[in-house]
Amino acid sequence: MEKLSMVTSLLCAITVAVLAVAVVSGEAAVVEHTFVVHEMNATHLCNTTKIYVVNGQFPGPTVDVTEGDTVVVHVINKLPFGLTIHWHGVRQMRSCWADGAGFVTECPIPPGNEHTYRFNVTGQVGTLWWHAHVTCLRATINGAFIVRPRDGKYPFPTPAKDVPIIIGEWWELDLIELDRRMMDGNFDDNPLSATINGKLGDLSNCSRMVEESFILDVKHGESYLLRVINTALFSEYYFRVAGHTFTVVGADGNYLTPFKTDMVTVAPGEAIDVIMVADAPPAHYHMIALANQPPEPDPQIPVFTSRGLVRYAGTTANNNGLPVPMPIMPNQHNTMPSYYFHANLTGLAHPERHRVPMHVDERLFVTLGLGSICRGQNTTCKRRRSPETIVVATMNNVSFAHPKTTALLERYYDGTSKGVYTEDFPIRPPRPFNYTNRDLIPPGPLEEALEPTFKATKLKRFKYNTSVEIIFQSTTLMQSDSNPMHLHGYDVFLLAQGLGNFNAKRDVRKFNYHNPQLRNTVQVPRGGWAAIRFVTDNPGMWYLHCHFEFHIIMGMATAFIVEDGPTPETSLPPPPPEFKRCGNNGLSQP
């Protein structure tokens with residue numbers, strides 16, 4: 001049970017009372033929230049752990065708006081360190097200042113200070129989410145962000161109810177300490193359990209307590225819109241409900257062509273909308289969220305699972321004495337169901353709104369892998385995962401050096417970028433190799449030759465209205481992970497995915513120009529590739545990164561600068577009055 005201090009409880013009660021205030025103005029509204037970020041004790045698995053939450057909730061409060069609304073969120077930071085809040089998937093058209101990417105669009109909110117985010121939500125309908133965007137805090141500081149259609153109509157039968165299904169992880173280790181260890185190159189820590197809507201489930205018991213399970217109450221014959229969000233730091237998840245099937249209808253705030261399946265695969269950063277009809281014989285049915293991890297290089301990663309319950313109206317507490325069915329789950333190391341799930345999704349075509357650019361102005365081929373740098377000031381060192389090195393993550397063999405004392409957007413806008421970043425992010429790897437050669441996973445001469453890399457803050461600049469194509473290529477260099485790549489400020493057309501090395505002569509023929517998915521997070525398959533295309537119509541500074549937290553910390557990131565267009569309506573406006581610039585200490589000014 002969560003234990004709040006009397007002061008914090010009172011504070012949360014006050015803020016929850018004013019949590020969501022909608023001020024109607026014509027057809028649209030101003031939806032206003034207050035987020036108080038604070039520490040809280042929570043007891044799970046027989047241990048009491050300090051966690052970080054918003055308004056005393058884990059997960060945090062849902063932001064529920066209608067397309068076209070203006071959102072205003074007042075964040076009060078009661079933590080002893082800084083943080084920002086990122087509105088994951090919100091396009092932020094001409095409102096880059098409110099994106100909430102720490103040290104990219106703003107410096108963190110100092111302890112004891114406040115910050116207001118103000119932005120409009122236009123042209124998106126479905127499920128997005130919000131989360132802390134400094135260190136590992138997003139593990140517990142997160143929540144759903146729901147955008148409803150302005151006319152109240154869906155391209156599918158209106159469900160009886162919609163329910164966020166927020167899949168996460170339970171960490172006993174303090175999240176700040178977890179971040180510190182990973183910054184030092186220690187990646188041996190793991191969560192103790194998966195969670196569904198903050199509940200560990202009754203499979204994660206200890207000697208003195210039984211963990212609560214998330215329970216979804218349903219009525220026979222009714223349909224339910226499940227908004228499945230993966231907030232986890234480390235793992236992709238498989239999600240199933242025994243005796244039931246799903247119809248996938250949306251992802252990342254965009255509609256999809258309805259696709260029937262009995263299992264949902266959701267990578268970190270993704271939000272998948274599915275319809276579940278309660279058409280099974282009335283009873284209790286288990287739901288399972290199971291972490292999916294590659295078998296290499298460490299097949300000994302524990303199994304992370306949370307078990308919930310679908311409970312039909314009219315059934316007894318003990319399920320009429322019958323056993324509760326369990327869904328059959330894949331092996332935790334089987335990554336192929338993820339590949340097939342993502343490959344089967346297509347967008348719900350809206351030719352008048354969503355046209356794939358048929359010409360390409362700039363092409364990038366971006367490899368995603370690991371490498372190493374020498375510790376300290378050494379320029380030479382032993383490789384092959386030697387203690388003399390720190391393992392880092394790379395894009396085109398560059399490991400991103402995140403700023404610590406300033407924000408990239410502020411420096412770009414002020415024209416003071418010298419010494420902070422350069423604009424020479426490579427558009428291809430320094431040398432080609434067999435990117436998916438499995439002999440590169442374990443230490444050896446092939447891997448050692450490709451391992452050396454370096455850290456730098458290299459960005460890529462685009463002119464306004466540039467058509468950009470990126471081929472993301474997952475590699476097997478020192479690892480075999482998939483890579484959920486998230487681009488802030490944009491939805492991108494996912495033209496195709498494949499296994500092995502991308503081959504332009506062969507694979508371009510697979511590109512879907514008719515009804516590709518529109519996504520803000522693209523799951524690049526393990527040992528495979530993904531092709532995206534988008535037009536740079538949103539000026540600003542936009543962070544691009546893998547959504548595995550360890551890959552972010554290790555440097556699998558960059559940022560795209562999009563220049564202003566020819567008119568005020570196509571240009572980034574000045575910082576809004578509520579924006580707070582960076583101080584000398586790397587935090588925003590009070």
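Positions are given from 1, in the same order as the sequence printed here.
- Relative to the ring axis of F187, R181 does not place its NZ or CZ within 45° and under 6.0 Å from the centre.
- For the residue pair E32 and H74, a side-chain donor N or O sits within less than 3.5 Å of a side-chain acceptor on the partner.
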Dump the intermediate steps for ring pair (Phe, Tyr, Trp, His ring centres under 6.0 Å) on W97 and Y413, then the final yes or no.
-> CA-CA 11 Å; W97 303 102; Y413 186 83; 5.2 Å; yes

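- Between K580 and E106 no salt bridge is recorded (no basic side-chain N to carboxylate O distance below 4.0 Å).
- With N120 contributing its side chain and D69 its backbone, the two residues share a donor-acceptor pair below 3.5 Å.
- Annotation: the span from I272 atom CD1 to I165 atom CD1 amounts to 13.5 Å, rounded to 0.5 Å.
- Remark: S235 pairs with Q293 by the side-chain hydrogen bond (donor to acceptor under 3.5 Å, both in side chains) rule, at least two apart or across chains.
- T231 places a side-chain N or O within donor-acceptor distance of the main-chain N or O of I167, the cut-off being under 3.5 Å.
- Not a single salt bridge (charged side-chain N to carboxylate O under 4.0 Å, His left out) links D99 to another residue, sequence neighbours left out.
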Apply ring pair (Phe, Tyr, Trp, His ring centres under 6.0 Å) to F493 and F534, showing your working.
-> CA-CA 6 Å; F493 291 104; F534 63 101; 9.7 Å; no

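- Around atom CZ of R150, more than 12 heavy atoms belonging to other residues, nucleotides or ligands sit under 6.0 Å away.
- Residue H545 is tested with H551, H133, H402 for a ring pair (Phe, Tyr, Trp, His ring centres under 6.0 Å); the sole match is H133.
- N483 places no side-chain N or O within 3.5 Å of a backbone atom of M485 that could act as its donor or acceptor partner.
- Residues M183 and I553 meet the side-chain proximity criterion, which asks for heavy atoms closer than 4.5 Å.
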Go through Y435 and W529 one step at a time and tell me if the side-chain contact (heavy atoms from CB on, under 4.5 Å) criterion holds.
-> CA-CA 10 Å; Y435 306 114; W529 55 269; over 6 Å; no

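- Looking at residues two or more places apart in sequence or on another chain, you find a side-chain hydrogen bond (donor to acceptor under 3.5 Å, both in side chains) between E563 and R461.
- Remark: S482 pairs with Q523 by the side-chain hydrogen bond (donor to acceptor under 3.5 Å, both in side chains) rule, at least two apart or across chains.
- Salt-bridge check for R519 with E270: passed, with a basic side-chain N closer than 4.0 Å to an acidic carboxylate O.
- A salt bridge is absent between E423 and K458; no separation between the charged side-chain nitrogens and carboxylate oxygens falls under 4.0 Å.
- Sorted by first and then second residue, the disulfide bond (SG atoms under 2.5 Å apart) pairs involving residues 508-581 (not counting sequence neighbours) form an empty list.
- Taking the disulfide bond (SG atoms under 2.5 Å apart) definition, one finds that C96 meets it with nothing, sequence neighbours left out.
- Using a 4.0 Å cut-off between a side-chain N of Lys or Arg and a carboxylate O of Asp or Glu, R148 and D64 qualify as a salt bridge.
- Results of the side chain to side chain contact (heavy atoms under 4.5 Å, CB included) test with N520 over V492, L128, V90, L487 single out L128 as the only residue that passes.
- Under the 4.5 Å side-chain criterion, counting only non-hydrogen atoms from C-beta, V562 is not in contact with N538.
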